[in-house]
Amino acid sequence: QLQLVESGGGLVQPGGSVRLSCVASGRIFSINTMGWYRQAPGKQRDLVATITSDGTANYADFVKGRFTISRDNAKNTMTLLMNSLKPEDTGLYYCNANIRSSRVSGYLELWGQGTLVTVSL
């Protein structure tokens, strides 16, 4: 069964850093674009950053220069390093990936269960 599992959230002070990880497991043939999204309380889910299979990264304007997305294709993992955190970065962070189980199957979009990041004194 294909699944994504996030880890690394928690409470951090403003200006601090946190690293989120996402691991894909199950029958995986290939993973296309992966990404991180976040949802603040009472708000819609927003794109934070994406990364293609060849490592091309794209960031939302509100995290440029502060967050860094990376992935390890051999381990089916993705990381989000978050620096200079602000209270408005608080939210549930979701991992997203498009995964193919075999050479002949299509890509299936998966979401993780989310990991909470709280930026507060």
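If you're wondering where the values come from, they're calculated on a predicted model, not measured in any experiment.
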A.B. asks: Roughly how far apart are Met78 CE and Glu6 CD, rounded to 0.5 Å?
C.D. replies: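 Between Met78 CE and Glu6 CD, I get 8.0 Å after rounding to 0.5 Å.
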A.B. asks: The criterion is side chain to side chain contact (heavy atoms under 4.5 Å, CB included); which residues satisfy it with Ser25, sequence neighbours excluded?
C.D. replies: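 For Ser25, the residues satisfying side chain to side chain contact (heavy atoms under 4.5 Å, CB included) (neighbours in sequence not counted) are Gln3.
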A.B. asks: Hey, mind stepping through Ser120 and Leu11 against side-chain contact (heavy atoms from CB on, under 4.5 Å) and telling me if it holds?
C.D. replies: CA-CA 7 Å; Ser120 179; Leu11 175 64; 4.2 Å; yes
A.B. asks: Identify whether Phe62 and Leu81 are in the same connected component of the hydrophobic contact network (ILVMFWY, side-chain heavy atoms under 4.5 Å).
C.D. replies: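 Different clusters: Phe62 never reaches Leu81 through Ile, Leu, Val, Met, Phe, Trp or Tyr contacts under 4.5 Å.
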A.B. asks: With ILVMFWY side chains joined below 4.5 Å, transitively, what does Phe29's cluster contain besides itself?
C.D. replies: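 Joined to Phe29, directly or through intermediates: none.
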A.B. asks: With ILVMFWY side chains joined below 4.5 Å, transitively, what does Leu47's cluster contain besides itself?
C.D. replies: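 Leu47 shares its hydrophobic cluster with Tyr37, Leu92, Tyr94, Trp111, Leu116.
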A.B. asks: Suppose we screen for side chain to side chain contact (heavy atoms under 4.5 Å, CB included). Which residues come up paired with Asn58, at least two apart in sequence or across chains?
C.D. replies: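 If we apply the side chain to side chain contact (heavy atoms under 4.5 Å, CB included) test to Asn58, skipping adjacent residues, the hits are Thr50.
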A.B. asks: Once you round to the nearest 0.5 Å, how far does CG of Asn76 lie from CD1 of Ile99?
C.D. replies: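 Rounded to the nearest 0.5 Å, the CG-CD1 separation comes to 7.5 Å.
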A.B. asks: Please identify each residue that fulfils side chain to side chain contact (heavy atoms under 4.5 Å, CB included) with Ala57, with sequence neighbours left out.
C.D. replies: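 Partners of Ala57 under the side chain to side chain contact (heavy atoms under 4.5 Å, CB included) test: Tyr59, Ile69.
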A.B. asks: By side chain to side chain donor-acceptor pair (under 3.5 Å), which residues pair with Thr68, not counting sequence neighbours?
C.D. replies: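 Scan of Thr68 (side chain to side chain donor-acceptor pair (under 3.5 Å), adjacent residues dropped) gives none.
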A.B. asks: For residues Leu108 and Ser101, determine if any side-chain heavy atom of one lies less than 4.5 Å from a side-chain heavy atom of the other.
C.D. replies: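 The answer is no, as the side chains (C-beta and beyond) never meet within the 4.5 Å cut-off.
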A.B. asks: CE/Met34 to CG/Asn73 distance, rounded to the nearest 0.5 angstrom?
C.D. replies: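 Spacing of CE (Met34) from CG (Asn73) equals 8.5 Å.
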A.B. asks: What's the spacing between Phe67 CZ and Thr79 OG1 if we round to 0.5 Å?
C.D. replies: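 Answer rounded to 0.5 Å: 14.0 Å.
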A.B. asks: Are the side chains of Met82 and Tyr93 in touch, meaning some heavy atoms are under 4.5 Å apart?
C.D. replies: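 With C-beta onward as the side chain, the pair touches.
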A.B. asks: Any heavy-atom pair between the side chains of Pro14 and Leu121 that's under 4.5 Å?
C.D. replies: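 Result yes, sub-4.5 Å side-chain heavy-atom pair found.
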A.B. asks: Sequence neighbours left out, what pairs pass salt bridge (charged side-chain N to carboxylate O under 4.0 Å, His left out) with at least one residue falling in residues 64-76?
C.D. replies: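 For residues 64-76: Asp61-Lys64, Arg66-Asp89.
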A.B. asks: Of all residues at least two apart in sequence or in a different chain, which pass the side chain to side chain donor-acceptor pair (under 3.5 Å) check with Gln13?
C.D. replies: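 For Gln13 there are no side chain to side chain donor-acceptor pair (under 3.5 Å) partners, ignoring immediate neighbours.
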A.B. asks: Between Arg100 and Asn32, is there a side-chain heavy-atom distance shorter than 4.5 Å?
C.D. replies: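 Sidechains of Arg100 and Asn32: no contact.
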A.B. asks: For Ser21, check side chain to side chain donor-acceptor pair (under 3.5 Å) against everything at least two apart and list the hits.
C.D. replies: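 Partners of Ser21 by the side chain to side chain donor-acceptor pair (under 3.5 Å) criterion come out as none, since no residue qualifies.
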A.B. asks: Mind checking side chain to side chain donor-acceptor pair (under 3.5 Å) for Asn98 and listing every partner two or more places apart, or none if nothing turns up?
C.D. replies: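 With neighbours one apart ignored, the set is empty.
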A.B. asks: Kindly compute the distance separating OG1 (Thr52) from CD1 (Ile31), expressed to the nearest 0.5 Å.
C.D. replies: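 Interatomic distance, Thr52 OG1 to Ile31 CD1, rounded to 0.5 Å: 12.5 Å.
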A.B. asks: Nearest heavy-atom pair of Leu4 and Ala24: which atoms, and what distance?
C.D. replies: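 Smallest interatomic distance, heavy atoms only, reads CD2-CB, 3.5 Å.
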A.B. asks: Tell me which pairs pass salt bridge (charged side-chain N to carboxylate O under 4.0 Å, His left out) where either residue lies in residues 12-21, with sequence neighbours left out.
C.D. replies: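 Matches after skipping sequence neighbours: none remain.
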A.B. asks: Of the non-hydrogen atoms in Gly8 and Val18, which two are nearest, and what is the gap between them?
C.D. replies: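 Where Gly8 meets Val18 most closely, the heavy atoms are O-CG2, 3.1 Å.
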A.B. asks: Which residues, ordered by chain and number, are linked to Val5 in its hydrophobic cluster, where ILVMFWY side chains connect at heavy-atom gaps below 4.5 Å, directly or through other members?
C.D. replies: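 Traced through the cluster, Val5 reaches no other member.
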A.B. asks: Applying a strict under-4.5 Å side-chain criterion to I, L, V, M, F, W and Y, I'd like to know whether Val23 and Val117 cluster together.
C.D. replies: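 In one cluster with Val23: Val117, no.
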A.B. asks: From Ile51 CD1 over to Thr56 OG1, what is the distance, rounded to the nearest 0.5 angstrom?
C.D. replies: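 Between Ile51 CD1 and Thr56 OG1, I get 8.0 Å after rounding to 0.5 Å.
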